[in-house]
Amino acid sequence: MHSDGTVSITVNGEHKRVTAGLTIARLAEELGLVPAKLAVERNLEVVPRSTLDQVMVEDGDELEIVHFVGGGDHPVAAGGGDHGRRVDDDSWTVAGRTFRSRLIVGTGKYKDFEQNAAAVAASGAEIVTVAVRRVNVSDPKAPMLTDYIDPKKITYLPNTAGCFDAESAIRTLRLAREAGGWELVKLEVLGEARTLYPDMVETLRATEILANEGFKPMVYCVDDPIAARRLEDAGAVAIMPLGAPIGSGLGIQNRVTIRLIVEGAKVPVLVDAGVGSASDAAVGMELGCDGILMNTAIAEAKDPILMAAAMKAAVEAGRLSYRAGRMAKRRYADPSSPLAGLI
């Protein structure tokens, strides 16, 4: 403690001198933050929210204070075995939670939170991915995603966007669980910044650790059936192969491997990344995927709200097409009308 009764600490990378004897909760309040909406890591250890008003700030402490910002099922039977069911009688379940919408949308790249919220409403999505980021301690009154998209009405899926090793991904999700109690999370561990392809060695390691800690990870991965099976064995509650590189809008590049993953998985399979148009989303659903996750395709459209509505319709149409069972492909023509009796 300094002679003036202060201690030196670091908060989200910023050096500060604060009055000695403060609890973390009191410090947060002095920074203009609401302790109930935060998660705090002190010297690389998550501080349970229930103890924030008891744990004292000490000289030399390094604090990370985070919140959520815009971030970037049933097994499917081959051949679609639910013919004859009502059109509106369809849902999917992941980690014991059931949803009707099969479209998951991201919360990054939008002009503002208001546009983001309008796009989520137009999409009909019941799940949104959110990034865990440092609180802006310099402007604690800045708008927050939770002010526009109510986590009591829309399921938040904390993700590890921007993590390039297992340790940072695990650390991020531990904070996410402390911030909102979320155990259903999206795990992605990237291999490099240029392609944003997943590092499967680190992804598999992170999946095992998180599953052992009680997390239910939905895992972004390569479109490889073998890798998908190993992730499932490691504790993944959903497999999320990329259709194409993140943000590329190239559409599903390898339908064969996606279909193989769907046929072999005992957990939900969702295409994650690469969707650019409504037709891309429909293709993924026609392959038998349980859902589609997208962000850029909606956020960077000229009219994000209209595109969100288009994606909702495409996912629904693709799912109906899969359930209906497409006609067989033939090498030659087969007349729709019988030729017998022609004049």
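Reckoned from all heavy atoms, side chains included, excluding hydrogens, waters and symmetry mates. All values reported here derive from a predicted model rather than from experimental measurement.
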Engineer: Would you sort out whether Leu270 and Leu293 count as a side chain to side chain contact (heavy atoms under 4.5 Å, CB included), showing the intermediate values?
Structural biologist: CA-CA 7 Å; Leu270 300 91; Leu293 190 154; 5.5 Å; no

Engineer: Any chance you could measure Asn254, atom CG, to Leu260, atom CG, to the nearest 0.5 Å?
Structural biologist: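 Reported to 0.5 Å precision, the distance equals 8.5 Å.
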
Engineer: Without swapping roles, check the side chain of Arg102 against the backbone of Ser91 for a donor-acceptor pair under 3.5 Å.
Structural biologist: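 Indeed, once roles are kept as given, a pair shorter than 3.5 Å links the two residues.
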
Engineer: Could you walk me through whether Met294 and Val271 pass the side chain to side chain contact (heavy atoms under 4.5 Å, CB included) test, one step at a time?
Structural biologist: CA-CA 8 Å; Met294 65 182 72; Val271 168; over 6 Å; no

Engineer: Do Arg319 and Glu316 meet the salt-bridge criterion of a basic N to acidic O distance under 4.0 Å?
Structural biologist: no

Engineer: Donor-acceptor pair, distance only, cut-off 3.5 Å: does the side chain of Glu202 make one with the backbone of Ala166?
Structural biologist: yes

Engineer: Answer yes or no: is there an ion pair linking Glu30 with Arg26, defined by an N-O contact shorter than 4.0 Å?
Structural biologist: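 Result for this pair is yes, salt bridge flagged.
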
Engineer: How far apart are the C-alpha atoms of Glu286 and Ser321, what are their side-chain angles, what is the distance that settles it, and do they pass the side chain to side chain donor-acceptor pair (under 3.5 Å) test?
Structural biologist: CA-CA 6 Å; Glu286 287 179 331; Ser321 177; 3.0 Å; yes

Engineer: Can you name the ring-ring contact (aromatic ring centres under 6.0 Å, His included) partners of Tyr110, sequence neighbours left out?
Structural biologist: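 Tyr110 satisfies ring-ring contact (aromatic ring centres under 6.0 Å, His included) with no other residue.
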
Engineer: Quick check for you: to the nearest 0.5 Å, what is the distance between Met144 atom CE and Ile149 atom CD1?
Structural biologist: 12.5 Å

Engineer: Between the side chains of Thr51 and Gln54, does any donor sit under 3.5 Å from an acceptor?
Structural biologist: no

Engineer: Is the backbone of Ser8 close enough, under 3.5 Å, to the side chain of Asp59 for a donor and an acceptor to pair up by distance?
Structural biologist: yes

Engineer: Measure the CG-CZ distance between Leu210 and Arg205 for me, rounded to the nearest 0.5 Å.
Structural biologist: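 One finds 10.5 Å between CG of Leu210 and CZ of Arg205.
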
Engineer: Where the side chain of Thr172 meets the backbone of Ser168, is there a donor-acceptor pair that is under 3.5 Å apart?
Structural biologist: yes

Engineer: So Val128 and Leu145, side chain to side chain contact (heavy atoms under 4.5 Å, CB included) or not? Walk me through it.
Structural biologist: CA-CA 11 Å; Val128 297; Leu145 183 67; 5.5 Å; no

Engineer: Please name all residues satisfying salt bridge (charged side-chain N to carboxylate O under 4.0 Å, His left out) with Glu114, sequence neighbours left out, ordered by chain then number.
Structural biologist: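 Expected list: none.
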
Engineer: Any chance you could measure Met218, atom CE, to Leu157, atom CG, to the nearest 0.5 Å?
Structural biologist: 5.5 Å

Engineer: Using only atom types and a distance under 3.5 Å, with no angle test, would you say the side chain of Asn295 pairs donor to acceptor with the backbone of Gly108?
Structural biologist: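 Yes: the side chain of Asn295 pairs with the backbone of Gly108.
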
Engineer: Is a side-chain N or O of Asn12 found less than 3.5 angstrom from the main chain of Ile65, in a donor-acceptor match?
Structural biologist: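 Looks like yes, one N/O pair under 3.5 Å.
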
Engineer: Sub-3.5 Å donor-acceptor pair from the side chain of Asp290 to the main-chain atoms of Val269, do we have one?
Structural biologist: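 Yes: the side chain of Asp290 pairs with the backbone of Val269.
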
Engineer: Rounded to the nearest 0.5 Å, what's the gap from CZ on Phe99 to CD1 on Ile127? Could you check?
Structural biologist: 4.0 Å

Engineer: For the side chain of Asn212 and the backbone of Ile209, is there at least one donor-acceptor N/O pair under 3.5 Å apart?
Structural biologist: no

Engineer: Are Arg174 and Glu45 close enough for a salt bridge, meaning some N to O gap below 4.0 Å?
Structural biologist: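 No, Arg174 and Glu45 are not salt-bridged.
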
Engineer: Has the side chain of Tyr220 got a donor or acceptor atom that lies under 3.5 Å from a matching backbone atom of Ala161?
Structural biologist: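 Absent.
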
Engineer: Extract all donor-acceptor atom pairs below 3.5 Å that involve side chains of residues 300-313 and protein atoms in other chains or at least two apart in sequence.
Structural biologist:
residue	atom	partner	partner atom	Å
Asp303	OD1	Ile305	N	3.2
Asp303	OD1	Leu306	N	3.1

Engineer: Mind checking the CG-CG spacing from Leu204 to Leu187? Nearest 0.5 Å is all I need.
Structural biologist: 10.0 Å

Engineer: Would you confirm whether Glu232, through its side chain, and Lys266, through its main-chain N or O, come within 3.5 Å as a donor-acceptor pair?
Structural biologist: yes

